[in-house]
Amino acid sequence: MTETSVVEPIPSGIAASNVAANGGAATTGSPADGMVVGTPRRLLRVEGATLFAGSLIAYSTTDQAWWLVPLTLLLPDLTMIGYLGSTRLGSYLYNLGHSTPVPAAIVAIGWWQDKSVVVALGLGWLAHIGLDRLIGYGLKYDDHFQHTHLGRLGRNR
């Protein structure tokens with residue numbers, strides 16, 4: 001008795017590696033989209049929640065006024081102004097303002113210089129990044145503002 005295996009065609013728009021990585025289940029993104037899907041996406045969102053909560057807990061040790069938190073939560077979004085120039089410039093500036101190295105360096109410099117207000121600003125910036133990741137705002141690709149590493153933004157996800 002011989003065994004035959006049946007290979008089902010992959011629906012158009014779904015990459016084979018994507019289907020295989022999810023145990024044969026189709027997903028909405030594909031490697032061509034540059035989006036993280038499934039468990040890694042959920043883990044990145046948990047990581048964002050951890051960064052958000054940890055930053056606020058650390059902020060509480062700076063003895064700075066809490067009104068500074070909403071201010072620093074909004075400031076990184078000013079980097080979206082780059083989209084007035086082009087999607088390439090916009091994504092570059094947005095990603096620079098929404099990745100952890102610059103605010104982490106600000107926290108380190110503030111700590112090293114014993115400047116609690118500088119530490120507080122950096123922690124507020126990190127909290128913004130964590131909150132963005134938690135709610136699904138990822139780093140941007142240069143083709144469109146809604147194309148992020150965590151998925152497409154908007155109604156047609």
Side-chain angles (χ1 to χ4, degrees), residues 15 17-18 20-23 25-157:
S17 61
N18 200 9
N22 288 308
T27 60
T28 57
S30 71
D33 291 330
M35 294 184 295
V36 179
V37 295
T39 300
R41 184 172 193 261
R42 284 187 294 278
L43 288 173
L44 286 172
R45 291 180 84 166
V46 168
E47 184 178 66
T50 304
L51 181 60
F52 178 66
S55 296
L56 292 180
I57 291 167
Y59 184 92
S60 72
T61 68
T62 66
D63 296 325
Q64 296 298 314
W66 281 95
W67 63 262
L68 198 56
V69 173
L71 177 68
T72 56
L73 282 176
L74 297 173
L75 283 176
D77 283 337
L78 291 177
T79 59
M80 287 188 282
I81 198 143
Y83 280 96
L84 294 175
S86 68
T87 55
R88 183 180 173 118
L89 175 63
S91 66
Y92 178 78
L93 290 177
Y94 183 92
N95 291 342
L96 185 64
H98 288 82
S99 54
T100 59
V102 174
I106 289 172
V107 169
I109 290 168
W111 192 356
W112 175 54
Q113 295 290 322
D114 199 25
K115 305 283 185 195
S116 67
V117 71
V118 175
V119 172
L121 291 171
L123 289 169
W125 191 348
L126 287 171
H128 173 95
I129 293 168
L131 183 60
D132 270 7
R133 295 299 186 282
L134 172 63
I135 60 177
Y137 286 90
L139 297 174
K140 310 295 185 195
Y141 288 94
D142 64 4
D143 61 335
H144 197 280
F145 177 79
Q146 293 177 325
H147 186 192
T148 79
H149 84 286
L150 292 177
R152 294 216 180 258
L153 301 176
R155 297 183 119 174
N156 300 326
R157 289 186 153 189

**Asked** Is Leu56 close to Val69 at the side-chain level, that is, under 4.5 Å between some pair of heavy atoms?
**Response** yes
**Qualifying residues under side-chain hydrogen bond (donor to acceptor under 3.5 Å, both in side chains), relative to Arg88, sequence neighbours excluded** = none
**Message:** Is the shortest side-chain heavy-atom distance between Val107 and Pro103 below 4.5 Å?
**Reply:** no
**ring-ring contact (aromatic ring centres under 6.0 Å, His included) partners of residues 38-77, not counting sequence neighbours, each pair once** = Tyr59-Trp66
**Message:** Does Ile129 form a side chain to side chain contact (heavy atoms under 4.5 Å, CB included) with Thr100? I'd like the steps, not just the answer.
**Reply:** CA-CA 7 Å; Ile129 293 168; Thr100 59; 4.3 Å; yes
**Request:** Could you pull out the closest heavy-atom pair between Pro76 and Gly97, with the gap in Å?
**Result:** CB-O, 3.8 Å
**Asked** Taking the side chain as C-beta and beyond, is there a heavy-atom pair between Asp132 and Asp77 under 4.5 Å?
**Response** yes
**Request:** Taking the side chain as every heavy atom from C-beta outward, state whether Leu121 and Leu75 have any pair of such atoms under 4.5 Å apart.
**Result:** no
**Fill in**
Of all heavy-atom pairs linking Ala49 and Leu134, the shortest is CB-CD1, 3.7 Å
**Message:** According to ring-ring contact (aromatic ring centres under 6.0 Å, His included), who are the partners of Tyr83, at least two apart in sequence or on a separate chain?
**Reply:** Phe145
**Fill in**
Closest heavy-atom pair, Leu89 versus Gly85, reported as atoms and distance to 0.1 Å, is CD2-CA, 4.4 Å
**Request:** Nearest 0.5 Å please: distance from the CD1 atom of Ile106 over to the OG1 atom of Thr72.
**Result:** 11.0 Å
**Message:** Using side-chain heavy atoms (C-beta onward) and a distance below 4.5 Å, is Val102 in contact with Trp125?
**Reply:** yes
**Prompt:** Got a donor-acceptor contact below 3.5 angstrom from the Thr87 side chain to the Asp142 backbone?
**Reply:** yes
**Complete:** Between Ala120 and Thr62, the two heavy atoms sitting closest are CB-OG1, 3.9 Å
**Prompt:** Which atom names give the shortest non-hydrogen contact between His128 and Leu74, and what distance separates them?
**Reply:** ND1-N, 4.5 Å
**Complete:** So CG of Leu44 and CD of Glu47: to nearest 0.5 Å the spacing works out to 5.5 Å
**Request:** Report the C-alpha separation of Leu139 and His98 in whole Å, then their side-chain angles, then the decisive distance to 0.1 Å, and conclude whether the side chain to side chain contact (heavy atoms under 4.5 Å, CB included) test is met.
**Result:** CA-CA 7 Å; Leu139 297 174; His98 288 82; 4.3 Å; yes
**Fill in**
Separation between CZ (Arg45) and CZ (Arg133), nearest 0.5 Å, reads 11.5 Å
